[in-house]
Novice: 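One structure is given below, represented as structure tokens, and several questions about it will come after.
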Amino acid sequence: MKTLHFSVQDYDLKKTLESGQTFHWEQVSGHSWEGMISGQWVRLSQAQHDRITARGVNGMGQVKGDIIRYLQLDVDIQSVIKCFPDDALMNAAVRARKGLRLLRQDPWICLASFLLSSNKRIPQIMEIVRHMSIRLGEQLIHPETGRQLHAFPGPESIAKSHESVLRECKAGYRAKYLYKCASLVASGEYCLDAIHVLELDEARSKLMELPGVGAKIADCVLLFAYGFSRAFPIDVWVQKVLGDYYFKGATNTPRELGALVQDYFGDHAGFAQQYLFDYIRHLKPAEWAGWVAEGHTGRSS
DNA sequence: GGGATGCCTGGATG
DNA sequence: ACATCCAGGCATC
């Protein structure tokens, strides 16, 4: 057993793990979560605001770098936030969701998770991921607790399975997409690694070639797995932010809207999106109505 | 090419 | 109770 300590600033592990960018972390106490990073079992904890602890099972040498990368511990979030537009809603979101970060996830796990996300709430997505991990994921036995652990299933494992198995895991109509994507990736016909070297627009188009992957899912994977910090997923929540607040009244095509977003939110638009999304998701309807009534007035005072 | 419609499923709403 | 609606979308027509 080895424990690693990381000193952090403006990093809220709870907000980050519960912000809907990942669906496989299991909360085991008020400030601890268990999951896997690079195939290794890890328990992450944050009892104090300035320290995150990672506990692993053995030889954590290699894993340290993986954890830093996964949690994006070397990102200077203040310099990112400085790039955000200076308006009232954006500032409120940054203040309210202080410590929210973006993770750098494994592309396959991220892609598969978001394929499962359409028309589902977060707890239901987590439920499907649990079922799939138990049914198809690699099984590990924790050397000390003896607990069984199940990794998120790789594309090969799913491809060797069957669409009906995914349906038994409650994936519903998404099963077909996930099965097809797994088959394409497992066979080598589609290479997830090739995305890394592409420009944002090319990478996006490439991901959208996959069955079941549209603009929203592509942008989630680009932002949460490939680290394109300009990728800006527009889901129903963010749609509200854009349509009811920032660009009210303008009937834009998705393409025009994308251009407006890139122009307004800048080089770290994806981070801004995550703060806005997480902020309004926690607002009461009346509070959101207040923002809409006030409207976007450009720069805050 | 923008705009409806169906899709699995479970929880919320009436 | 029981029907209906709708979720962090996408493909299809």
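Just so it is clear: chains get the letters A, B, ... in the order the sequence lines come, proteins before strands, and each one is counted from 1.
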Novice: Select one nucleotide: of C:dC10, B:dC8, C:dG8, the one nearest the side-chain heavy atoms of A:R121.
Specialist: C:dG8
Novice: Under 4.0 Å, heavy atoms only, any strand: does A:A175 hit a base, just the sugar-phosphate, or nothing?
Specialist: nothing
Novice: Is the shortest side-chain N to carboxylate O distance from A:K170 to A:E127 below 4.0 Å?
Specialist: no
Novice: Using whole Å, what does the distance between atom C1' of nucleotide C:dA7 and atom CD1 of A:I125 come to?
Specialist: 9 Å
Novice: Does a side-chain N-to-carboxylate-O contact under 4.0 Å join A:D278 and A:R281?
Specialist: yes
Novice: Round to the nearest Å and state the distance from A:L111 atom CG to C:dG9 atom C1'.
Specialist: 14 Å
Novice: When you measure from the side chain of A:Y177, which nucleotide among C:dG8, B:dC8, C:dA11 comes out closest?
Specialist: C:dA11
Novice: Is A:R174 touching bases, backbone alone, or none of the nucleic acid, heavy atoms closer than 4.0 Å?
Specialist: base
Novice: When both hydrogen-bonding distances must be under 3.5 Å and the geometry is Watson-Crick or G-U wobble, what is C:dA7 paired with, if anything?
Specialist: B:dT9
Novice: Measure the acute angle between the ring planes of A:H162 and A:Y179, then classify it against the limits of 30° and 60° as parallel, tilted or perpendicular.
Specialist: tilted
Novice: Under a 3.5 Å cut-off for both contacts, is C:dC13 paired Watson-Crick or G-U wobble with anything, and if yes, with which nucleotide?
Specialist: B:dG3
Novice: Specify the separation, in whole Å, of atom CG of A:L178 and atom C1' of C:dC10.
Specialist: 14 Å
Novice: Using a cut-off of 4.0 Å on non-hydrogen atoms, how would the nucleic acid contact of A:S113 be classed: base, sugar-phosphate, or nothing?
Specialist: nothing
Novice: Using heavy-atom distances to pick each residue's nearest nucleotide on DNA chain C, tell me which of A:M208 and A:F23 is more 5'.
Specialist: A:F23
Novice: If you assign each of A:V213 and A:P233 to its closest nucleotide in DNA chain C, which residue comes earlier from the 5' end?
Specialist: A:P233
Novice: Specify the separation, in whole Å, of atom CG of A:L116 and atom P of B:dT9.
Specialist: 13 Å
Novice: P atom, C:dC6 versus B:dA4: distance in rounded Å?
Specialist: 15 Å
Novice: Round to the nearest Å and state the distance from A:L222 atom CG to C:dG8 atom P.
Specialist: 21 Å
Novice: Where the side chain of A:C220 is defined as all heavy atoms beyond and including C-beta, which of C:dG8, B:dG10, B:dC8 is the nearest nucleotide?
Specialist: C:dG8
Novice: Among B:dC8, C:dC10, C:dG8, which nucleotide sits nearest the side chain of A:D235?
Specialist: C:dG8
Novice: What is the separation between atom NE2 on A:H131 and atom P on B:dC8, rounded to the nearest whole Å?
Specialist: 18 Å
Novice: When you measure from the side chain of A:T253, which nucleotide among B:dG11, C:dG8, B:dG2 comes out closest?
Specialist: B:dG2
Novice: Would you indicate which nucleotide in C:dC10, B:dT9, C:dG8 comes nearest to any side-chain atom of A:K170?
Specialist: B:dT9
Novice: Does A:K216 reach a base, just sugar-phosphate, or nothing at all? Heavy atoms under 4.0 Å.
Specialist: base
Novice: Of A:F84, A:Y246, A:Y245, A:F232, which meets ring-ring contact (aromatic ring centres under 6.0 Å, His included) against A:Y264?
Specialist: A:Y246
Novice: Check whether any side-chain N or O of A:Q40 sits under 3.5 Å from a backbone N or O of A:V57 as a donor-acceptor pair, and report yes or no.
Specialist: no
Novice: Checking all strands, does A:V238 fall into the base, sugar-phosphate, or nothing category for heavy-atom contacts under 4.0 angstrom?
Specialist: nothing
Novice: Before accepting this row, confirm whether a basic side-chain N of the pair A:K160/A:E156 lies closer than 4.0 Å to the acidic partner's carboxylate O.
Specialist: no
Novice: Among C:dG9, B:dT9, C:dG8, which nucleotide has an atom closest to any side-chain atom of A:K120?
Specialist: B:dT9
Novice: Does any part of the side chain of A:F23, heavy atoms only, come nearer than 4.5 Å to the side chain of A:I109, both counted from C-beta?
Specialist: no
Novice: Could you work out the separation of B:dC8 and C:dC13 based on their P atoms and round it to a whole Å?
Specialist: 15 Å
Novice: On a whole-Å scale, what distance lies between the P atoms belonging to B:dA12 and C:dG8?
Specialist: 12 Å
Novice: For A:G20, which contact category applies under a 4.0 Å heavy-atom criterion: base, sugar-phosphate, or nothing?
Specialist: base
Novice: With a 4.0 Å cut-off on heavy atoms, is A:I122 in touch with a base, just the backbone sugar-phosphate, or nothing at all?
Specialist: base
Novice: If you measure from the P atom in B:dT9 to the same atom in C:dA1, how many Å do you get, rounded?
Specialist: 23 Å
Novice: Specify the separation, in whole Å, of atom CD1 of A:I128 and atom C1' of B:dC7.
Specialist: 13 Å
Novice: For atom C1', what is the distance between B:dT5 and C:dC5, given to the nearest Å?
Specialist: 15 Å
Novice: In whole angstrom, what separates A:R255's CZ from B:dG2's P?
Specialist: 11 Å
